[in-house]
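Values reported hereafter were calculated over all heavy atoms of this structure, with side chains retained and with hydrogens, waters and symmetry mates removed.
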Amino acid sequence: MNAINNGEIIEQYPRDFPFPSCLILGISVRNQYIHIVVSMNEKKIYLITAYIPTADKWEKDLKTRREIEK
């Protein structure tokens, strides 16, 4: 929960269903950067997924997606 409360929203998905969601960059209890996707309504926060971002998909800042090379 600390990573959600103290993290930074790096992407927002306002059209997600049934509620808008967002991607948060936070720090885990093991002091490691993690990405967390959450959604919320008036009463609850829903944890959708959490993962450790990798260098093959994210820039060094872990906030910017890498361009997919064709």
Can you give each donor-acceptor pair under 3.5 Å made by side-chain atoms of residues 31-39, sequence neighbours left out, with the distance rounded to 0.1 Å?
residue	atom	partner	partner atom	Å
His35	ND1	Tyr51	OH	3.0
His35	NE2	Leu62	O	2.8
Ser39	OG	Phe19	O	3.3
Ser39	OG	Pro20	O	3.0

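- In the hydrophobic cluster analysis, where Ile, Leu, Val, Met, Phe, Trp and Tyr join through side-chain heavy atoms closer than 4.5 angstrom, Leu23 is grouped apart from Leu47.
- Residues Trp58 and Tyr13 fall within the same hydrophobic cluster, defined by Ile, Leu, Val, Met, Phe, Trp and Tyr side chains chained together at heavy-atom separations under 4.5 Å.
- No path of Ile, Leu, Val, Met, Phe, Trp and Tyr side chains, each step under 4.5 Å between heavy atoms, connects Leu25 with Ile4, placing them in separate hydrophobic clusters.
- Listed by first and then second residue, the salt bridge (Lys or Arg N to Asp or Glu O under 4.0 Å) pairs involving residues 2-22 are Glu8-Lys63, Glu11-Arg65 (not counting sequence neighbours).
- The distance from atom SG of Cys22 to atom CD1 of Ile48, rounded to the nearest 0.5 Å, is 8.5 Å.
- Ile24 CD1 to Gln12 CD: the interatomic distance, rounded to the nearest 0.5 Å, is 10.0 Å.
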